[in-house]
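Working notes for the structure below.
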Amino acid sequence: MTTTYLKKLTVTGPNRYSEINFREGLNIITGPSNVGKTCIVKCIDYLTGSLKHPFSSSTEYNTVNLEISVGDRVVKLSRELGKDTVLVDSNFPKINSGEYYSKYKSNNKNPISDVWLQLFGIEPPVEVISNKLFRKQKLSIRTFISSWIIHENEMNKSSSILLPRITSQVTAYLSSLLYLLYEKDFSKIKKQESVEERKIRHNSVKNYIYSKINQFNEEQDRLIGKLNKKSESDIYAEIEELSNKLENLSNVIYQSNNIHSNLLQQLADVDTQLSEKSLLLNRFKDLASQYESDFNRLSFIIESHTSISTIENSGMCPICNNELPSNSARQHVDSFETDLELLVRKIKSLNQTRLDLKKDFSLLQEQKEELELQRIRVADEINNILIPDEKKLTFKIEQYKSYIKAKSNIETINRLVENWNQDIDDLENEHYDKVEYFPKDEFPSQFWHGMTKNIQSILKQCSFEKYGFSRFDSKEFDIEIMGENKINRYGKGYISYLNTVVVLALRKLFFEQAKFKPFFHIIDTPLLGLDEGEKNNTPESMRIALFEYFSLSAQESQLIVIENSRNLPKFRNFDCNFIEFTKSYNNGRYGFLEGVNDK
């Protein structure tokens, strides 16, 4: 099991540094008055989220630092004077480093209480009950720390040393003990209504019901007005007639849509043919242009040869001076004339084909225009006549159906109003079984028996004569001796002593029974009556025995005891971390805060 304990406390400021080291088990801090012993307690408390400053800013110290050992890991806390944030530096996996608030706030930063709860083995958030009506609040170390850090001004408390002084905090404190000891699950417990909350709920429900009754009354009047216009049999007859018309009209619309679709398909086919014929016309136009060029070329050649034939021929080639055949020119002209005749026939055929294509193209365009007109007429009939008529018929049918529904709704409204009136009667005559939360009733017998057993055991070890007549009183949540409370039997010194015993008994109970165990206890001045010069009959042997018990119970949790040196009993040497302040600059350490004295 991982050992966790407070390891080192340091307080710093500009050119200021004070340090005190703790160890596991028992730590005794002693010295005369005004040397800063109580300041140590306040510094540790400040890092749990206390709002009280542990020292004055006039000391020139401004920051409190605490190092907590968790096995071989360390968690460091640091808080400046007057700041509501605590800086955490952790290499312990379950605790994140970062900035935490000293208390719960509605933002993204977590409270420093979460760090302490995790050190105790609790995974926040956890809710506990805070009042008798089962109201819940988040579990915080500030809810129960008063039983682990016992301040000097609480030691002679005449009422229970364990319970908070503020009555409204007692329920949350006891609920916290239940969770720490037995992991009491409060999550499924529902908050109870107060008288005022119940009154508000009743009025809200009644107002809602009355508003719904008024609303439905208006609706009923409106529906009755509709029913008065026609009889139910007339409405059913009209619905049947209109439904037949609607069915016929739907068939017409269906047929018209089919016609429209067919026309669209025909238009698409005509467009395809027009595109094909337009492409052919363009190609034939290009071919006609080519034929025209060929015709002009051949005509030019033939005309040229005809003209040349009228000129006298020398019979010799002007290039090579060889003799030319007498019939070569005629042969060429004959060939060109043949080609020209063939070309003319092609031109005539092409022109006829182009005329036929243009005629077909025109016919197709006329067909397209006719189809488009038909499509427009059909679409217009569908959109402007048939569909509006269908909507009108549908609307009329729905209207008539609403008339029928109105009667059913009126009957429903009458039933609802009747039920709501019954609800109001039930609400006004509601029997309220008052249930309250009493946290002491939730503690098992083992808690009460354990506390009494531990108190008797500790008093016996401390040589207290009447230990067998002591018990832990559940009503006062405090020690009782000889059937009386402590304040009626003992003086101030004894009160502090007995309060210490109660704290130690709870500490022992946690060691024996608790699911979650806070790992340290701090008791500031267990012999407070003597410190203040009160007349006290506490035997020296009891004081020595108390400190010997501190040592013998060191395994239960880390224990830090603070006591004035003049009242410290002369106990035998035993294993502890003994820290002494001398209030002297020449002999030992003056006090906790270096450089600060009581002058």
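Position 1 is the first residue of the sequence, and the numbers go up from there. In this text the structure is predicted, and so the values were computed from the model without any measurement.
- A donor-acceptor pair under 3.5 Å is absent between the side-chain atoms of Ser299 and the main chain of Asn296, judged by distance alone.
- Here Lys346 pairs with nothing under the salt bridge (charged side-chain N to carboxylate O under 4.0 Å, His left out) rule; sequence neighbours left out.
- Closest approach of Ser50 to Arg79, counting heavy atoms only: O-NH1, 2.9 Å.
- A 4.5 Å side-chain heavy-atom check between Pro54 and Ile44 finds every atom pair outside the cut-off.
- Between Val344 and Lys348 the shortest side-chain heavy-atom distance falls below 4.5 Å.
- At a threshold of 4.5 Å between non-hydrogen side-chain atoms, the residues Asp45 and Arg142 count as touching.
- Taken to the nearest 0.5 Å, the CG atom of Asn62 stands 11.5 Å off from the NE2 atom of His53.
- The backbone N or O of Ser140 lies less than 3.5 Å from no partner atom in the side chain of Trp116, so there is not a single donor-acceptor pair.
- In terms of modelled atom types and a separation under 3.5 Å, the side chain of Ser97 and the main chain of Ser90 share a donor-acceptor contact.
- Atom NZ of Lys515 and atom CD1 of Ile122 lie 10.5 Å apart (nearest 0.5 Å).
- The environment of Lys440 atom NZ is dense: over 12 non-hydrogen atoms of other residues, nucleotides or ligands sit within 6.0 angstrom.
- Here Glu372 pairs with Arg375 under the salt bridge (charged side-chain N to carboxylate O under 4.0 Å, His left out) rule; sequence neighbours left out.
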Can I get a per-line list of side-chain donor-acceptor pairs under 3.5 Å for residues 169-179, giving both atom names and the distance, sequence neighbours left out?
{"from": "Tyr173", "atom 1": "OH", "to": "Ser147", "atom 2": "OG", "distance (Å)": "2.5"}
{"from": "Tyr173", "atom 1": "OH", "to": "Leu162", "atom 2": "O", "distance (Å)": "3.4"}
{"from": "Ser175", "atom 1": "OG", "to": "Ile129", "atom 2": "O", "distance (Å)": "2.9"}
{"from": "Ser175", "atom 1": "OG", "to": "Thr171", "atom 2": "O", "distance (Å)": "2.9"}
{"from": "Ser175", "atom 1": "OG", "to": "Tyr437", "atom 2": "OH", "distance (Å)": "2.9"}
{"from": "Ser176", "atom 1": "OG", "to": "Ala172", "atom 2": "O", "distance (Å)": "2.8"}

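- Side chain of Tyr46 to backbone of Glu80: a donor-acceptor contact under 3.5 angstrom is found.
- Just one residue in the list Val115, Asn65, Leu87 forms a side-chain contact (heavy atoms from CB on, under 4.5 Å) with Leu77, and that residue is Val115.
- Applying the ring pair (Phe, Tyr, Trp, His ring centres under 6.0 Å) test to Tyr5 and every residue at least two apart in sequence or in another chain returns nothing.
- Of the possible polar contacts, none joining the Asp380 side chain to the Asn383 backbone as a donor-acceptor pair under 3.5 Å is found.
- Legend: side chain to side chain donor-acceptor pair (under 3.5 Å) pairs involving residues 277-291, not counting sequence neighbours, sorted by first then second residue: Gln290-Asp294.
- Looking only at side-chain heavy atoms (C-beta outward), Gln365 and Leu274 come within less than 4.5 Å of each other.
- Partners of Phe144 under the ring pair (Phe, Tyr, Trp, His ring centres under 6.0 Å) rule, at least two apart in sequence or in another chain, are Trp148.
- You'll find the side chain of Val75 reaches within 4.5 Å of the side chain of Val88, heavy atoms only.
- If you take OG on Ser168 and CG on Asn131, they are separated by 9.5 Å, rounding to the nearest 0.5 Å.
- Taking CD from Gln137 and CD from Glu127, the interatomic distance works out to 9.5 Å, rounded to the nearest 0.5 Å.
- Heavy atoms only, all atoms of each residue included: Phe295 and Leu340 are closest at CD1-CD1, 3.3 Å.
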Check: residues 261-268 side-chain donor-acceptor pairs under 3.5 Å, at least two apart:
{"from": "Ser261", "atom 1": "OG", "to": "Asn257", "atom 2": "O", "distance (Å)": "2.9"}
{"from": "Asn262", "atom 1": "ND2", "to": "Asn258", "atom 2": "O", "distance (Å)": "3.3"}
{"from": "Gln265", "atom 1": "NE2", "to": "Asp269", "atom 2": "OD1", "distance (Å)": "3.3"}

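- Applying the ring pair (Phe, Tyr, Trp, His ring centres under 6.0 Å) test to Phe361 and every residue at least two apart in sequence or in another chain returns nothing.
- Proximity of a side-chain donor or acceptor of Thr143 to a complementary backbone N or O of Leu139 within less than 3.5 Å is not detected.
- Here the CZ-CZ distance, from Phe520 to Phe120, works out to 5.0 Å after rounding to the nearest 0.5 Å.
- Lys76 NZ to Ile95 CD1: the interatomic distance, rounded to the nearest 0.5 Å, is 14.0 Å.
- For Gln367, the side-chain contact (heavy atoms from CB on, under 4.5 Å) partners are Val270, Leu364, Leu371, not counting sequence neighbours.
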Return all side-chain donor-acceptor pairs below 3.5 angstrom for residues 385-392, not counting sequence neighbours, or 'none' if the list is empty.
none

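- Distance alone, capped at 3.5 Å, is enough to place a donor-acceptor pair between the Ser113 side chain and the Ile141 backbone.
- Around CD1 of Ile166, the count of heavy atoms belonging to other residues, nucleotides or ligands within 6.0 Å does not exceed 12.
- Annotation: side-chain contact (heavy atoms from CB on, under 4.5 Å) contacts of Arg73 (sequence neighbours excluded): Asn91, Phe92, Pro93.
- In summary, the side chains of Gln352 and Asp356 do present a donor paired with an acceptor at a separation below 3.5 Å, with no hydrogens or angles considered.
- The environment of CD in Glu292 is sparse: at most 12 heavy-atom neighbours from other residues, nucleotides or ligands sit within 6.0 Å.
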Distance-only donor-acceptor pairs under 3.5 Å for side chains of residues 239-249, two or more places apart:
{"from": "Ser243", "atom 1": "OG", "to": "Ile239", "atom 2": "O", "distance (Å)": "2.6"}
{"from": "Asn244", "atom 1": "ND2", "to": "Glu240", "atom 2": "O", "distance (Å)": "3.3"}
{"from": "Asn248", "atom 1": "ND2", "to": "Asn244", "atom 2": "O", "distance (Å)": "3.3"}

